[in-house]
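Everything below concerns the one structure shown next.
Just so we're on the same page: letters track the sequence lines, and every chain starts at 1.
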There are 2 protein chains.
Amino acid sequence: MAEDVFKALADPTRRKILDELAERSGQTLFEICARLSMKHQLGLSRQAVSQHLAVLEASGLVESRREGRYKFHDLNTAPLEHIAERWIRRDQPED
Amino acid sequence: MAEDVFKALADPTRRKILDELAERSGQTLFEICARLSMKHQLGLSRQAVSQHLAVLEASGLVESRREGRYKFHDLNTAPLEHIAERWIRRDQPED
DNA sequence: ACTATAGGCAAGTGTCCACTTGCCTATCAA
DNA sequence: TTGATAGGCAAGTGGACACTTGCCTATAGT
């Protein structure tokens, strides 16, 4: 699980998606696409963003809920809470 | 710089190297190789570990000092301190 | 001097990953 | 129903990356 979190955070586009969801939760795929395009000049295809969201969901950093034909995405910061304490406070190594 | 930190943390072998340096600071390249091989069954070449250390140094997570023919590596946790605060919103602001 | 040790440099390889393209399904409004 | 919108699935491509191999430099011990 921590493995997936590090992998999810590795990509700059995914980190920007987290930024957008932190600023405004409950966005749909199209909203996120529009925001990335306007605010960050990222001309990504819808599928590219969709695949990023899938990675973020697999890591637990993003949760989604479906309502009709809309799918809303929410940020979940729980996996981030103790991500660095592994090296700051000596706990046990994970993977 | 934060970009480099996330990239450095993306690889599981590099995270194990950080684990080893957190447990015992000032190790040389050969010591790290031996520890990865014994404790983690990672049969990596010396160059592979050397390249990982270069990535970690570029991120600031590892600092090195040369003494004669030895090069000692130390963990620097400073770049990890506020890595997640970018998305974690506090309900009670920290004045 | 010779030799072993500690490390670096550079090219090559295989694999993973980000992204695209094309087509498909589901929901809602006219 | 027809058409527009929101999203999903799958194959393909280019580039980045982890790792290897081979050769080279520098330091230290004999």
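- Relative to the side chain of A:Ser45, the nucleotides C:dT20, D:dC17, D:dG7 differ in distance, and C:dT20 lies closest.
- Spacing between atom CD of B:Glu67 and atom P of D:dA28 amounts to 10 Å, rounded to whole angstrom units.
- Paired with B:Glu31 under the rule salt bridge (charged side-chain N to carboxylate O under 4.0 Å, His left out), one option of B:Lys71, B:Arg46, B:Arg24 passes, and it is B:Arg24.
- Between A:Ile32 atom CD1 and D:dA6 atom P the separation is 13 Å, expressed in whole Å.
- The distance between atom CG of B:Leu53 and atom C1' of D:dA18, rounded to the nearest whole Å, is 14 Å.
- Partner of B:His52 under the side-chain contact (heavy atoms from CB on, under 4.5 Å) criterion, chosen from B:Leu36, B:Asp11, B:Val62, B:Ile32: B:Asp11.
- Listed pair B:His52 / D:dC19 meets the phosphate criterion, a side-chain N or O lying under 4.0 Å from OP1 or OP2.
- One cannot find a donor-acceptor pair under 3.5 Å joining the base of C:dG7 and the side-chain atoms of B:Arg66.
- Sequence order on DNA chain D of the closest nucleotides to A:Gln47 and A:Arg69 puts A:Arg69 first from the 5' end.
- OP1 or OP2 of D:dG8 lies within a sub-4.0 Å distance of a side-chain N or O belonging to A:Ser50.
- In this entry the distance linking CZ of B:Arg15 with C1' of D:dA18 reads 14 Å, nearest Å.
- As rounded to whole Å, 11 Å separates atom C1' of D:dC19 from atom CG of B:Asp11.
- Put simply, the side chain of A:Ser45 gets close to the backbone of A:Ala48: a donor and an acceptor are under 3.5 Å apart.
- Side chain of B:Leu44, nearest nucleotide from C:dG8, D:dC19, C:dA6: D:dC19.
- Each of C:dA18, C:dG8, D:dC19 was ranked by its minimum atom distance to the side chain of A:Arg14; first place goes to C:dA18.
- Residue A:Glu20 is tested with A:His73, A:His40, A:Gln27 for a side chain to side chain donor-acceptor pair (under 3.5 Å); the sole match is A:His40.
- What separates CG of B:Leu42 from P of D:dC19 is a distance of 8 Å, to the nearest Å.
- When each of A:Phe72 and A:Gln51 is assigned the nucleotide of DNA chain D with its nearest heavy atom, A:Phe72 is the one assigned upstream, toward the 5' end.
- Atom-to-atom, CD of B:Glu57 to P of C:dG7 comes out at 12 Å; the value is rounded to the nearest Å.
- Taking atom NZ of residue A:Lys7 and atom C1' of nucleotide D:dA16, one finds them 14 Å apart after rounding to whole Å.
- Side chain of A:Arg35 to main chain of A:Leu21: no donor-acceptor pair is present (N/O by atom type, distance under 3.5 Å, no hydrogens or angles).
- For the pair A:Arg46 and B:His73, nearest-nucleotide mapping onto DNA chain C gives the more 5' position to B:His73.
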